[in-house]
Amino acid sequence: MSTGPENLMAGYLLGELFADERARIDAIMATGAVTPVEAATLEAVHSIALYTIPTRPSPRVRENLLASLNGRMRYLPFLQRVADLLDIDADMAQTILTTVDHRVGWTEDDDGVRTRAVPAGPKLRGVQTALIRASAGTVLPRPSPATSARLLVLAGELRDDDGRLAGAGDQLRRPNGSRYRHEVHGRDEAIVLQITREDDESAS
């Protein structure tokens, strides 16, 4: 009986599999050729690796984890978080995440910054929900001081006014009235899910 993919993931993330085992996981991740049970298990493994390792994953573990996710599959660790933030089901969240790389549907806002509206559930009726792509060195559009916002970083790093960094999987809040500045740090673009509302977030 062969070992299930979920039992190989820890070794995969640490780069410690035999060549044939790694090839097997590579094939699964590249083609998405998994059963629903395997898909759910792999998603859970990635979520655990990203979010429940004590404190934060070591740089090596995190690097191997993110490198293991190729193409449209690389955002799957954020599936449940996106579904919860947008008040949508998992299928809709997966659709949003697997179409991030589509070239159509984006609006050019400023130099190096593009946005794309995404659907949200009934609890967020009237709230602006969008994906933002921002090139390295650019600053995310400043929100109106009359709004609050929640941000989920899907890729890249953001640096705030105080020099703190937020990376993939981190959530940020911009309180009502805040004009907090977030710059894309490093050489890679940032992809961010942003939820903006006119009233105070605490009322949600």
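Note: the hydrophobic cluster containing Trp106 also contains Tyr75 (ILVMFWY, side chain heavy atoms under 4.5 Å, direct or indirect links). Placement of Ile132 and Tyr180 in two distinct hydrophobic clusters is found when ILVMFWY residues are connected by side-chain heavy-atom separations under 4.5 Å, directly or transitively.
Checked options Leu140, Asp161, Val139; the residue passing with Glu183 is Val139 (criterion: side-chain contact (heavy atoms from CB on, under 4.5 Å)). Among Leu86, Val153, Ile96, Leu97, the one residue that satisfies the side-chain contact (heavy atoms from CB on, under 4.5 Å) test with Leu193 is Leu86.
The structure places CD of Gln171 at 5.5 Å from CG of Leu152, a figure rounded to the nearest 0.5 Å. Rounded to the nearest 0.5 Å, atoms CG (Leu124) and CZ (Arg197) are 6.0 Å apart. Here the CZ atom belonging to Arg114 is positioned 6.5 Å from the CD atom belonging to Glu108, to the nearest 0.5 angstrom. Atom CD of residue Glu198 and atom CD of residue Gln128 lie 6.5 Å apart, to the nearest 0.5 angstrom. Annotation: the span from Asp91 atom CG to Asp89 atom CG amounts to 5.0 Å, rounded to 0.5 Å. Remark: Ile195 CD1 to Arg173 CZ distance equals 9.5 Å, nearest 0.5 Å.
Here the side chain of Arg133 pairs no donor or acceptor atom with the backbone of Glu189 at under 3.5 angstrom. Here the side chain of Asp162 pairs no donor or acceptor atom with the backbone of Arg164 at under 3.5 angstrom.
Around CG of Asp111, the count of heavy atoms belonging to other residues, nucleotides or ligands within 6.0 Å does not exceed 12.
Here Asp84 pairs with Gln80 under the side-chain hydrogen bond (donor to acceptor under 3.5 Å, both in side chains) rule; sequence neighbours left out. Listed by chain and number, the residues in a side-chain hydrogen bond (donor to acceptor under 3.5 Å, both in side chains) with Thr115 are Asp109 (sequence neighbours excluded).
Closest approach of Val118 and Ala130 over heavy atoms only: CG2-N, 3.9 Å. Here the closest non-hydrogen pair linking Val184 and Ala134 is CG2-CB, 3.6 Å. Here the shortest heavy-atom pairing between Glu157 and Gly167 reads CG-CA, 4.3 Å. Summarising the geometry of Arg116 relative to Val100, their closest heavy-atom pair is NH1-O, 4.4 Å, with the distance given to 0.1 Å. Here the shortest heavy-atom pairing between Ala136 and Gly186 reads CB-O, 3.2 Å. In this structure, Ile88 and Met92 approach most closely via the heavy-atom pair CD1-CG, 3.7 Å.
Applying the ring-ring contact (aromatic ring centres under 6.0 Å, His included) test to residues at least two apart or on different chains, none of the pairs has a partner in residues 130-165.
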